[in-house]
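Computed from a predicted structure; not experimentally measured.
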Amino acid sequence: MYVIVWEYQVKTEHLENFEKIYGEGGAWTDLFQRGTGYLGTELLVDPQNHHRYMTIDRWASAQAYNNFRIRCHGEYETLDAECKELTKSETLVGKWEVIAHETR
């Protein structure tokens, strides 16, 4: 599994809209579902700072994610540009591959 984590500082006036767009059933998950190998997204909020959010996007593999980005490049860039006004900052925390352990 391939995991991508983003951190966002959301503007006060856009908190509700941010949650709708980035949460389950929002514009981002709708777009991601067009990619083969998309496994889901979690939207997290910091209980100590209600302007700080994290997204965790799960894909079957890095290749599945890369194929999606190639196939849906235009739509991705358009949605990303539309969402810029919602946040003070957007930081890619990292991309990871899950280590699978065999059970004996």
Side-chain angles (χ1 to χ4, degrees):
M1 183 182 344
Y2 188 63
V3 178
I4 305 166
V5 180
W6 290 90
E7 179 180 0
Y8 303 89
Q9 294 292 331
V10 180
K11 295 176 184 175
T12 301
E13 64 271 22
H14 295 299
L15 292 171
E16 186 177 330
N17 199 27
F18 178 88
E19 289 183 12
K20 286 179 184 176
I21 292 171
Y22 285 80
E24 187 176 339
W28 280 108
T29 60
D30 287 350
L31 178 60
F32 291 159
Q33 287 174 351
R34 294 167 63 194
T36 301
Y38 172 66
L39 302 175
T41 296
E42 289 181 77
L43 176 61
L44 310 172
V45 64
D46 182 342
Q48 303 302 314
N49 176 357
H50 294 286
H51 293 88
R52 182 176 177 228
Y53 289 81
M54 305 279 281
T55 57
I56 302 171
D57 303 319
R58 291 183 171 78
W59 293 83
S61 66
Q63 187 63 49
Y65 173 72
N66 292 332
N67 289 343
F68 159 77
R69 285 298 307 266
I70 291 166
R71 191 171 141 261
C72 296
H73 176 76
E75 296 96 326
Y76 186 101
E77 294 302 319
T78 298
L79 183 56
D80 192 46
E82 291 172 359
C83 292
K84 291 288 184 208
E85 71 179 45
L86 304 177
T87 61
K88 295 178 188 176
S89 68
E90 175 181 348
T91 305
L92 175 62
V93 176
K95 299 176 180 182
W96 293 274
E97 292 196 8
V98 175
I99 298 172
H101 293 282
E102 289 187 30
T103 57
R104 295 180 188 228

Any Leu79 side-chain heavy atom under 4.5 Å of Trp28 side chain: yes
Going hydrophobic residue to hydrophobic residue with side-chain gaps under 4.5 angstrom, can you get from Met54 over to Trp59? no
Does any non-hydrogen side-chain atom of Val5 lie less than 4.5 Å from one of Thr55? no
Using the ring of each side chain (for Trp, its six-membered ring), is Tyr38 parallel, tilted or perpendicular to Phe32, with breaks at 30° and 60°? tilted
Run the salt bridge (charged side-chain N to carboxylate O under 4.0 Å, His left out) test against Asp80 and tell me which residues pass, sequence neighbours left out. Lys84
Non-hydrogen atoms of Ala64 and Gly37 that approach each other most closely: CB-CA, 4.1 Å
Nearest heavy-atom approach of Tyr22 to Cys83 is OH-CB, 3.3 Å
By salt bridge (charged side-chain N to carboxylate O under 4.0 Å, His left out), Glu85 pairs with (sequence neighbours left out) none
Pair Thr36, Asn67 - check side-chain contact (heavy atoms from CB on, under 4.5 Å), show working. CA-CA 8 Å; Thr36 301; Asn67 289 343; over 6 Å; no
Grouping I, L, V, M, F, W and Y whenever their side-chain heavy atoms are under 4.5 Å apart, do Val98 and Ile56 come out in a common cluster? yes
With Glu7, which residues qualify under salt bridge (charged side-chain N to carboxylate O under 4.0 Å, His left out), at least two apart? Arg52
Looking at residues at least two apart in the chain, or sitting in another chain, which of them share a side-chain hydrogen bond (donor to acceptor under 3.5 Å, both in side chains) with Tyr8? none
What's the separation between atom CH2 in Trp6 and atom CG in Leu43, rounded to the nearest 0.5 Å? 14.5 Å
Spacing of OG1 belonging to Thr87 relative to CD belonging to Gln9, to within rounding of 0.5 Å: 9.5 Å
Thr12 versus His51, closest heavy-atom pair with distance: OG1-NE2, 2.8 Å
Closest approach of Leu39 and Met1, non-hydrogen atoms and distance? CD1-CG, 4.0 Å
Show the numbers, then the answer: is there a side-chain contact (heavy atoms from CB on, under 4.5 Å) between Val3 and Asp57? CA-CA 6 Å; Val3 178; Asp57 303 319; over 6 Å; no
Let me see the working for Trp96 and Ile4 under side-chain contact (heavy atoms from CB on, under 4.5 Å), right down to the final yes or no. CA-CA 6 Å; Trp96 293 274; Ile4 305 166; over 6 Å; no
Sequence neighbours left out, what passes salt bridge (charged side-chain N to carboxylate O under 4.0 Å, His left out) with Lys20? Give chain and number order. Glu16
Evaluate the side-chain proximity of Leu86 to Ile21: yes if any heavy-atom separation is below 4.5 Å, no if none is. yes
Quiz question: by atom type and distance under 3.5 Å, do the side chains of Tyr53 and Glu19 form a donor-acceptor pair? yes
Which atoms form the tightest heavy-atom contact between Thr29 and Glu24, and what is the distance? OG1-C, 4.0 Å
Using a 4.5 Å cut-off on heavy atoms from C-beta on, say whether the side chain of Tyr2 contacts that of Arg58. no
Side-chain donor-acceptor pairs of residues 68-78 under 3.5 Å, sequence neighbours excluded:
unit_1 : atom_1 : unit_2 : atom_2 : d
Arg69  : NH1    : Tyr65  : OH     : 3.0
Arg69  : NH2    : Glu77  : OE2    : 3.2
Arg71  : NH1    : Arg34  : O      : 2.6
Arg71  : NH2    : Arg34  : O      : 3.4
Glu75  : OE2    : Arg34  : NH2    : 3.1
Thr78  : OG1    : Gly74  : O      : 2.9

